[in-house]
Amino acid sequence: MSKVREGIYGVLRGRFLTDDSSFNNWRILIFVVVLLLIMISSSHSLDAKVVKIAELNKLKRELRAEDFDTSTELTRMKLESSIRKRVKEKGLFPAEKPPQKIKVTTKKE
């Protein structure tokens, strides 16, 4: 067990970084640190994209609601009753007699 204790103490004290074969250990450590930095940066990038997607979804819902409101208002404006009210204010009234179709016939020579 003394070798296990010495191994644990050696790792805790950092002997694996200062002994003769430490060059290989440093390369692996630097590689792991670079991988960790890449992982952290990609995680932050992903978080930013998630926030952007949430904002765009909220904007999409707002625009859909606005589109629905606008189309409802347009439908109300197209109704015959609303057109009659607006035209009545200008002094126009609906015809009492329905329109008649006029047929024009010509003789061919």
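Worth saying up front: this structure is predicted, and the values here are computed from it rather than measured. Reckoned from all heavy atoms, side chains included, excluding hydrogens, waters and symmetry mates.
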Separation between CG of D67 and OG1 of T72, rounded to the nearest 0.5 Å: 9.0 Å
Gap separating the CD atom of E62 from the CG atom of N57, nearest 0.5 angstrom: 11.5 Å
Audit row: E73, D69, side chain to side chain contact (heavy atoms under 4.5 Å, CB included) steps and yes/no: CA-CA 6 Å; E73 185 179 340; D69 291 341; over 6 Å; no
Euclidean distance, I83 CD1 relative to L92 CG, rounded to 0.5 Å: 12.5 Å
By salt bridge (charged side-chain N to carboxylate O under 4.0 Å, His left out) - contacts of E66 (at least two apart): none
ILVMFWY network linking V32 to I40, side-chain heavy atoms under 4.5 angstrom: no
Pairs flagged by side chain to side chain donor-acceptor pair (under 3.5 Å) wherever residues 74-96 is involved - sequence neighbours left out: E80-R84
Pairs flagged by side chain to side chain donor-acceptor pair (under 3.5 Å) wherever residues 27-44 is involved - sequence neighbours left out: N24-R27
Side-chain touch L35/M39, heavy atoms, less than 4.5 angstrom: no
Connected via hydrophobic side-chain network under 4.5 Å: V87 and L79: no
